[in-house]
Amino acid sequence: MELKRTGITDFCRSPISKAKDGVLNQMDILNIASQVVKQLVKRNPRLPLENIEVVAAGCAFPEAESGFNIGRALVVKSGLPLSVAGLTINHFCGSSQTAVAVVSDMIACGKADIGIAVGLEHMKRTPMGGFNPFYEKELYEKNYYINMGITAENL
């Protein structure tokens, strides 16, 4: 099987907000991310919405307001056609990068022609470890639960 070539044609991101009193702290992540997707689509008027086949949303903690398949919710909230598939990818700190890779792979393999990859997280509204973390004793003893700073150093 010959793989198709893939490429990124545009990108868009939300503004960065102040940690303690920023205006985005009061907005939920679905509204923030949907504004980004809407802006991306608006900037590309020659792209027919019906040609978008997938939205992959990378999210490290897909729970609470980020739960219930935030990728699918993003499709609906962004005003994309209901025929667009939405999926959520959890790969912790690599979630958005993995979303890009999944969309690229789908295009390369002929499973989609056009897709949108999104990375979203609202660390002010979703605590590190989630709302109800469970620590497995055996994994804890093997030093599995380490913070992101140590993980970055290890990588």
Side-chain angles (χ1 to χ4, degrees), residues 1-132 147-149 151-155:
M1 176 173 86
E2 188 172 331
L3 298 178
K4 292 182 184 177
R5 292 183 58 133
T6 66
I8 297 172
T9 57
D10 200 357
F11 69 95
C12 190
R13 66 155 293 133
S14 68
I16 298 172
S17 184
K18 291 181 180 177
K20 294 189 187 243
D21 59 355
V23 67
L24 295 180
N25 290 342
Q26 303 310 313
M27 286 183 71
D28 67 87
I29 193 61
L30 181 58
N31 279 305
I32 295 170
S34 68
Q35 292 303 316
V36 171
V37 171
K38 287 176 184 178
Q39 182 62 32
L40 184 68
V41 169
K42 183 179 176 182
R43 289 187 347 199
N44 294 278
R46 292 181 21 211
L47 173 65
L49 294 182
E50 63 273 8
N51 289 5
I52 300 170
E53 296 176 84
V54 63
V55 171
C59 181
F61 291 103
E63 59 178 284
E65 68 185 46
S66 303
F68 299 108
N69 191 0
I70 189 77
R72 181 67 185 158
L74 188 54
V75 167
V76 175
K77 185 75 173 180
S78 300
L80 297 175
L82 295 180
S83 60
V84 177
L87 61 118
T88 303
I89 297 168
N90 176 289
H91 198 189
F92 278 75
C93 295
S95 297
S96 60
Q97 184 177 356
T98 303
V100 171
V102 166
V103 170
S104 179
D105 288 350
M106 289 177 75
I107 293 168
C109 293
K111 299 292 184 187
D113 287 321
I114 298 171
I116 298 174
V118 178
L120 54 93
E121 200 69 54
H122 204 314
M123 295 310 294
K124 181 74 173 178
R125 295 169 62 108
T126 305
M128 183 60 73
F131 288 100
N132 189 21
N147 67 43
M148 291 180 6
T151 300
E153 290 297 322
N154 289 340
L155 293 173

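Because the structure is a prediction, the values reported are computed rather than measured.
The pair D105-K111 does not meet the salt-bridge criterion, since no charged nitrogen lies less than 4.0 angstrom from a carboxylate oxygen. Comment: R125 does not engage D28 in a salt bridge, judged by the lack of any side-chain N to carboxylate O separation of less than 4.0 angstrom.
With hydrogens and angles ignored, the 3.5 Å screen pairs no side-chain donor or acceptor of S78 with any backbone N or O of V75. Listed for the N51 side chain is no donor-acceptor partner under 3.5 Å among the backbone atoms of L47. R43 places a side-chain N or O within 3.5 Å of a backbone atom of F11 that can act as its donor or acceptor partner. Under the 3.5 Å distance criterion, the side-chain polar atoms of H122 are matched with a main-chain donor or acceptor of M27. Distance alone, capped at 3.5 Å, is enough to place a donor-acceptor pair between the E121 side chain and the A60 backbone. When atom types are taken as modelled, the side chain of H91 and the backbone of C59 share no donor-acceptor pair closer than 3.5 angstrom. Remark: side-chain polar atoms of S104 are not paired, donor with acceptor, to backbone N or O of V100 under 3.5 angstrom. Counting only distance, with no hydrogens or angles, the side chain of E63 and the backbone of F131 share a donor-acceptor pair below 3.5 Å. For the pair E65 (side chain) and I29 (backbone), a donor-acceptor distance under 3.5 Å is present.
The two residues A33 and L120 make their nearest non-hydrogen contact at CB-CD2, 3.9 Å. Closest non-hydrogen pair, V55 versus G71, comes out as CG1-O, 4.3 Å. Counting all heavy atoms, side chain and backbone alike, I70 lies closest to T88 at N-OG1, 3.1 Å. Of all heavy-atom pairs spanning L3 and C109, the tightest one is CD2-SG, 4.1 Å. The two atoms that bring A99 and G58 nearest to each other are CB-N, 3.9 Å, heavy atoms only. A pairwise comparison of heavy atoms in V54 and A112 identifies CG1-CB, 4.4 Å as the closest pair.
At most 12 heavy atoms of other shown residues, nucleotides or ligands fall within 6.0 angstrom of atom CD1 in I8. Counting heavy-atom neighbours within 6.0 Å of N132 CG, excluding the residue itself, gives a total of 12 or less. Annotation for Q39: atom CD counts as buried by contact number, over 12 foreign heavy atoms lying within 6.0 Å.
Here the CG atom belonging to L80 is positioned 9.5 Å from the CZ atom belonging to R72, to the nearest 0.5 angstrom. For the atom pair CD1 of I116 and CG of L40, the computed distance is 5.5 Å after rounding to the nearest 0.5 Å. In this structure, S95 OG and N90 CG are separated by 5.0 Å, a value rounded to the nearest 0.5 Å.
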(message) Walk me through whether V76 and L82 qualify under side-chain contact (heavy atoms from CB on, under 4.5 Å).
(response) CA-CA 7 Å; V76 175; L82 295 180; 3.9 Å; yes
(message) Determine whether I32 and L24 satisfy the following criterion, side-chain contact (heavy atoms from CB on, under 4.5 Å), listing intermediate values before the conclusion.
(response) CA-CA 8 Å; I32 295 170; L24 295 180; 4.2 Å; yes
(request) Would you check, one step at a time, whether the test side-chain contact (heavy atoms from CB on, under 4.5 Å) holds for I107 with D113? (result) CA-CA 5 Å; I107 293 168; D113 287 321; 5.8 Å; no
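Using a 4.5 Å cut-off on side-chain heavy atoms (C-beta onward), V118 and S96 make no contact.
Under the side chain to side chain donor-acceptor pair (under 3.5 Å) criterion, K38 pairs with no residue, sequence neighbours left out.
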